[in-house]
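The structure under discussion appears below in the form of structure tokens.
Only this structure's heavy atoms are used, side chains among them; waters, hydrogens and symmetry mates stay out. Order of listing sets the numbers, starting from 1, for every ligand and every atom in it.
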Amino acid sequence: MNKHIRCATALALTLGTLIASTSALAQQGPKPEQLIKWRQSAYQVLAWNTGRIKANVEGQYNKDEVVKAANAIAAIANSGLGSLFAPGTETGKGWKETTVKPELFTDKKAGEIAGQFNKEANELARLASAGDAAAVKVQLGKLQGTCKACHDDFRKKD
Ligand code: HEC
């Protein structure tokens, strides 16, 4: 083999390896720590917005505020939170040590509660835009029932 061809072959091999290892990295996706941070953040934003709606139904009702909060909740519920519970995130630290119970990854009841949570969140957004404060109050209670159901079974006490 002449020297130039050998050089070109070596370069092609090196590039090939680089490309292969880059795409392997891409396929691995975000690190567990990142996924746990995201889900903890998502739940904090849910708590912010359920709190805003609670304040509205218990005090002065402001339809615009409630619509904003309910739409934020529905958007998070519809965003596919399940993907933040990837294998490898059963334990570990995000912003803090995860409080998920390992059962969430194996018990199909978790998926059922998550589906119920989605349904109640979308219904809350619908009622919020209709502007019926009494109905929003009842629906907020239903939504919070799904938060509690999941936490009781699948989240360790802080
Ligand atoms: C399908 C299950 C499920 C539902 C539904 C659910 N949660 Fe959670 N929640 C969890 C799990 C699991 C964690 C622990 C996340 C972690 O630490 O990795 C959590 C954590 C939290 C946290 C603490 C976040 C942190 O900083 O560590 C808050 C606040 C919270 N949820 C609020 C809510 C509210 C409000 C709702 C309803 C509007 C809700 N959750 C619905 C499972 C659920």
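Residue-to-ligand polar distances keep T146 apart from ligand 1: every N/O pair is separated by 3.5 Å or more.
Only the side chain of R39 comes within 4.0 Å of ligand 1, judged by heavy-atom distances. Contact annotation: for H151 versus ligand 1, heavy atoms closer than 4.0 Å belong to the side chain alone. Within the 4.0 Å heavy-atom criterion, the part of T50 lying near ligand 1 is the side chain and not the backbone. Both the backbone and the side chain of Q40 come within contact range of ligand 1, each with a heavy atom under 4.0 Å.
A side-chain N or O of E120 and one of Q116 form a donor-acceptor pair less than 3.5 Å apart.
Open room surrounds CD on Q60; 12 or fewer heavy atoms of other groups in view lie less than 6.0 Å from it.
Within the 4.5 Å cutoff, the side chain of Q40 has heavy atoms near those of the K96 side chain. Residues Y43 and I76 form no side-chain contact, since every pair of their non-hydrogen atoms from C-beta on lies 4.5 Å or further apart. By the 4.5 Å heavy-atom criterion applied to side chains, D107 and D153 are not counted as neighbours. Put simply, the side chain of T146 does not reach to within 4.5 Å of the side chain of K119, judged on heavy atoms.
Less than 4.0 angstrom separates some heavy atom of K96 from each of these atoms of ligand 1: 25 (C), 26 (O), 27 (O). Interface of T99 with ligand 1, defined as ligand atoms under 4.0 Å from a residue heavy atom, comprises 14 (C), 16 (C), 17 (O).
Relative to atom 26 (O) of ligand 1, the option among Q44, K37, K156, E90 with the closest non-hydrogen atom is Q44. In this comparison of S41, G92, C150, the heavy atom closest to atom 3 (C) of ligand 1 sits on C150. When F117, Y43, F85 are checked for heavy-atom proximity to atom 6 (C) of ligand 1, Y43 turns out nearest.
Looking at R126 and E123, a side-chain N of the basic residue comes within less than 4.0 Å of a carboxylate O on the acidic one, giving a salt bridge.
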